[in-house]
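Order of appearance sets the numbers: ligands from 1, and atoms from 1 within every ligand. Being a predicted model, the structure only gives us computed values, none of them experimental.
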Amino acid sequence: NNNVGGGMDKLGFSSPTKQVKKNKADRFSLLPKALGSEDNLDSVTRKNSKHRHSCSVPNWKKVMNEMEQPNGTTEEVSSRIVVCVRKRPLSKKERSKNDADVISTVNNTLQVFEPKLKVDLTKYTEVHEFSFDKIFNEESNNMTVYKSCAQPLVFAFFKGCKVTCFAYGQTGAGKTYTMMGTNEEPGLYALALEDIFRLKAKPEYSHLGVYISFFEIYGAKLFDLLNGRKRIECREDAKQRVRIIGLEQRFCTSVQDVFEILEQGAQARSTGSTGANADSSRSHAILQIVLKYNEDGMKNEEDPDYTFGKLSFIDLAGSERAADTTHSDRQTRMEGAEINKSLLALKECIRALDQNQHHTPFRGSKLTLVLKDSFVSVDSRTVMIANVSPSASNCEHTLNTLRYADRVKELRKDSSGSR
Ligand code: ADP
Ligand code: MG
């Protein structure tokens, strides 16, 4: 059987050779009306599920509609989880090698034209179709991605929610470009921070302060990027709150402040305190922005950290690293196994979030443990941006990424009755 697409892949899910999903109800969007969402979903449609996985959909739409947005618009939100795909352009190198673009996108549907060989070596193309909440193609810039995916999270953050934005995908697919961006093309970090400090300046938020932490998870160990990549520990306390012991949190008052800090952090990330180079494709980088009550402000008895809202941006380890478990080098194998474990646990935790499950398997990995409060909080919201390369040579990784992203939203889709 030379059908590569038909087995079980590393992340443990079956790989159907053809996936055709054309359910309109699946294509709702986080876009505020003002930004032109055409696909606002009638939440009733989604509740008419006949599927055995049917579950109650958290009524975020209603919750968020009741909250007037800081910019005066009303945000439309139908789910606590939004899954988007971003296709990057072919790189110069790929173009010079005549590597083909195998991805086409139309609205919220994406097709992958997988080049394949029959047993007799004749060529054919297998077409795989997927749909997601939002698809960004090579013409979308970081601002477009920000407005549609991350800005709604920033608004929710200012309502006191625990919100998370993940960049998932193989190394080189555009995760860091999306999150950190470049000088010419600022990424989600910078665009979010600009909004955050603009909102923070309003008198109604004068009782809050903005704090930043930046750390990475490398082979199940935590390293503080704001403190020379110092090793730090994460534990659950007697009240089952997850605490990261010794994590630096810096009070910031401007985007400039944060960027100076992030630059140091990025440097620590690539060099490390011991000089031993940590490969950033094997670690998860986590930027947390916390809105805290001023200490003289209202104290939350349950929370000694005075947290009001929390926004986490996670630039995940390269998803292809999860397959390093057969590598000849033991260290690499162990790291691969840990990445595999964390990406599987992450998928399960996001799925649990969408089902409003009482049990969230956050203890399944260091990554999900660290993010516990963002998974179990009733106020949590998550956006996953699955980054893919368009090139034929990366087709297999691209399909793995799309299948992973598809699984993350699968239960929600079931609840819309599309299967
Ligand atoms: P990852 O972090 O997933 O390993 P990067 O973000 O470093 O990947 O992207 C790999 C290369 O592709 C970088 O040179 C980056 O500048 C470029 N790139 C990624 N996404 C885009 C995009 N949407 N537009 C233009 N260039 C991109
Ligand atoms: Mg990167």
Original post:
Should the proximity of Ser91 to ligand 1, defined as any heavy atom under 4.0 Å, be assigned to the side chain, the backbone, both, or neither?
Top reply: neither
Original post:
Any nitrogen or oxygen of Thr176, main chain or side chain, under 3.5 Å from a nitrogen or oxygen of ligand 1?
Top reply: yes
Original post:
Have Thr368 and Ser365 got a donor and an acceptor in their side chains that come within less than 3.5 Å?
Top reply: yes
Original post:
Would one find an N or O of Arg88, backbone or side chain, under 3.5 Å from an N or O of ligand 1?
Top reply: no
Original post:
Under 3.5 Å, is there a donor-acceptor pair between the side chain of Thr307 and the main chain of Gly309?
Top reply: no
Subject >> Glu94-Ser91 side chain donor-acceptor pair, cut-off 3.5 Å >> reply: yes
**OP:** Take Arg88 and Glu138, measure what side chain to side chain contact (heavy atoms under 4.5 Å, CB included) needs, and give me the verdict at the end.
**Re:** CA-CA 5 Å; Arg88 70 158 166 79; Glu138 59 277 29; over 6 Å; no
Subject >> Atoms of protein origin (N, O or S) under 2.8 Å from the Mg ion (ligand 2) >> reply: Thr176 OG1
Original post:
Donor-acceptor pair, Ser380 side chain versus Ser374 backbone, under 3.5 Å?
Top reply: yes
**OP:** Side-chain contact test, heavy atoms from C-beta onward, threshold under 4.5 Å: evaluate it for Arg282 versus Asp324 and give yes or no.
**Re:** yes
Original post:
Does the protein place any heavy atom closer than 4.0 Å to atom 5 (P) of ligand 1?
Top reply: yes
**OP:** Would you check if the side chain of Asp99 reaches a backbone N or O of Arg95 as a donor-acceptor pair within less than 3.5 Å?
**Re:** no
Original post:
When only distance counts, is Pro89 in polar contact with ligand 1, meaning an N/O pair under 3.5 Å?
Top reply: no
Subject >> Aromatic ring proximity Phe215/Phe223, centre distance under 6.0 Å >> reply: no
Original post:
Heavy-atom distance under 4.5 Å between the side chains of Met179 and Lys175, does that happen here?
Top reply: no
**OP:** Return the option from Lys175, Glu320, Lys93 holding the heavy atom at the smallest distance from atom 3 (O) of ligand 1.
**Re:** Lys175
**OP:** Tell me which protein heavy atom sits closest to atom 17 (C) of ligand 1, plus the residue, atom name and distance to 0.1 Å.
**Re:** Tyr177 CD1, 4.4 Å
Original post:
Taking the six-membered ring for Trp, are the ring centroids of Phe375 and Phe362 within less than 6.0 Å of each other?
Top reply: no
**OP:** Distance to 0.1 Å, residue and atom name: give those for the protein heavy atom nearest to atom 8 (O) of ligand 1.
**Re:** Gly174 N, 3.1 Å
Original post:
With atoms numbered from 1 as shown, which atoms in ligand 1 lie under 4.0 angstrom from a non-hydrogen atom of Arg86?
Top reply: 23 (N)
**OP:** Compute the minimum heavy-atom distance from Asn387 to ligand 1 and say whether it is under 4.0 Å.
**Re:** no
**OP:** Determine whether any heavy atom of Glu138 lies closer than 4.0 Å to an atom of ligand 1.
**Re:** no
**OP:** Compute the minimum heavy-atom distance from Gly169 to ligand 1 and say whether it is under 4.0 Å.
**Re:** no
Original post:
Side chains of Thr178 and Arg86: do they bring a donor and an acceptor to under 3.5 Å?
Top reply: yes
Original post:
So, does Asn142 use its side chain to make a donor-acceptor pair with the main chain of Tyr177 at under 3.5 Å?
Top reply: yes
Original post:
Taking the six-membered ring of Tyr211 as reference, does the NZ or CZ atom of Lys292 fall below 6.0 Å from its centre and within a 45° cone about the axis?
Top reply: yes
Original post:
Does atom 13 (C) of ligand 1 have a protein heavy-atom neighbour under 4.0 Å away?
Top reply: no
**OP:** Provide the number and element of each atom of ligand 1 under 4.0 Å from a heavy atom of Thr171.
**Re:** 4 (O)
Original post:
What part of Gln170, side chain, backbone, both or neither, has a heavy atom within less than 4.0 angstrom of ligand 1?
Top reply: backbone
**OP:** Using only heavy-atom distances, determine whether the side chains of Glu185 and Asn141 contain a donor-acceptor pair under 3.5 Å.
**Re:** no
Original post:
Please state which protein non-hydrogen atom is closest to atom 10 (C) of ligand 1 and give its distance, to 0.1 Å?
Top reply: Gly172 O, 3.6 Å
